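Written out below as structure tokens is the structure these notes cover.
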2 protein chains.
Amino acid sequence: MGVTKTQVFTDKQNRIADLAKALAHPARVAIIQHLLKEKSCVCGDLVEVLPLAQATVSQHLKELKQIGILHGEINPPRVCYCINETVWQEAKAIFGEIFESDVEVACCN
Amino acid sequence: MGVTKTQVFTDKQNRIADLAKALAHPARVAIIQHLLKEKSCVCGDLVEVLPLAQATVSQHLKELKQIGILHGEINPPRVCYCINETVWQEAKAIFGEIFESDVEVACCN
DNA sequence: CGATTCAATCGTAAATATACGATGAGAATT
DNA sequence: AATTCTCATCGTATATTTACGATTGAATCG
């Protein structure tokens, strides 16, 4: 995605960006929605739900794991993915904080 | 960023992803935070606040405009950027909806 | 009119992201 | 031991993102 000079931004700004990236692709949105709906860890049937190749789904899952929103548990022969409660609350708080600020309508006058 | 098969996802999933993209880069987070803090439209001094070149800032602003979160008003010789109230509420509602779902802790059992 | 100022756009380089087929690793089953 | 199943990873092609300098366009100011 280009270089992104992360050093020149605050830790919080970088964290917000990372958490937003988790939702910044429709496939990852779909994965998260599915995990929320099922209320429990869902395994490789994500591949069947999503219209993407298995390798692609696995890649998205890896990204979500790196951000921290998901964690996977090996449960042979399957792997279960669950939303990480702690990080989920972190994201909820961070986005809540951003959007609680009300916007002044009067502007550019 | 690769190809992103947007056709195979729902409109809503694509919209969520687009709105998340607005926050998916620390520079854009900084821009939005600044506009929220100033409560009014701020013009080209964003370039001074951000440690990025003028062309880069302009590019981020363009992206935010395309998503709809910002709109710019020419106010010669400057251009004022404001947060689009309507889209802001849309984003607030969408992220609120996602994060209101509580996560089951018991998982992978 | 000429100079200046602000911001968008162009052109470009480099890094990432997205997607997929193919292959590999690990465990259970036959 | 061979097969099967599930999932991660490798390799790769292509598109997009990020960033910047340089240029252009529009408008004000001297």
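So that the names make sense, note that chain A is the first sequence line, chain B the second, and so on, each numbered from 1. The model shown is predicted, which means the values in this text are computed figures rather than measured ones. Below, all heavy atoms of this structure are taken into account, side chains as well, without hydrogens, waters or symmetry copies.
A:Arg28 contributes a side-chain N or O that, together with a main-chain N or O of A:Lys21, makes up a donor-acceptor pair within less than 3.5 Å.
Rounded to whole angstrom, the span from the NE2 atom of B:His60 across to the C1' atom of C:dA7 amounts to 16 Å. Rounded to whole Å, the distance from CD on B:Glu63 to C1' on C:dT9 is 15 Å. Between B:Arg78 atom CZ and C:dT5 atom C1' the separation is 9 Å, expressed in whole Å. In this entry the distance linking CG of B:Asp18 with C1' of C:dA17 reads 15 Å, nearest Å. A:His25 has its NE2 atom 12 Å from the P atom of D:dT16, to the nearest Å. When rounded to the nearest whole Å, the span between CG of A:Leu61 and P of C:dA19 equals 13 Å. B:Asp45 has its CG atom 13 Å from the C1' atom of C:dA7, to the nearest Å. Atom CG in A:Leu50 sits roughly 13 Å away from atom P in D:dC7 (whole-Å rounding).
When each of B:Leu36, B:Leu70, B:Leu19 is paired with B:Trp88, the side-chain contact (heavy atoms from CB on, under 4.5 Å) condition holds for B:Leu36 and for no other.
Other residues, nucleotides and ligands place no more than 12 heavy atoms under 6.0 Å from the CD atom of A:Glu48.
Within 4.0 Å of B:Thr4, counting heavy atoms only, lie sugar-phosphate atoms of the nucleic acid but no base atom.
Classification of A:Glu90 and A:Arg15 as a salt-bridged pair holds, one side-chain N sitting under 4.0 Å from a carboxylate O. Taking the charged nitrogens against the carboxylate oxygens, B:Glu97 and B:Lys12 do have a contact shorter than 4.0 Å, which makes a salt bridge.
For the ring-ring contact (aromatic ring centres under 6.0 Å, His included) test, residues two or more places apart in sequence or in another chain that qualify with A:Phe95 are B:Phe95, B:Phe99.
In this structure, A:Lys62 and A:Phe9 both approach DNA chain D, and ranking their closest nucleotides by distance from the 5' end singles out A:Lys62. Nearer to the 5' terminus of DNA chain D, by closest-nucleotide assignment, is the contact made by A:Lys65 (compared with the other of A:Lys65 and A:Val3).
Nearest heavy atom pair, residue B:Asn84 against residue B:Gly68, reads CB-O, 3.2 Å.
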Are any protein N/O atoms closer than 3.5 Å to N/O atoms in nucleotides 20-22 of chain D? If there are, list each pair with its distance.
| residue | atom | partner | partner atom | Å |
| --- | --- | --- | --- | --- |
| D:dC20 | OP1 | A:Lys5 | NZ | 2.8 |
| D:dC20 | OP2 | B:Ala53 | N | 3.0 |
| D:dC20 | OP2 | B:Thr56 | OG1 | 3.1 |

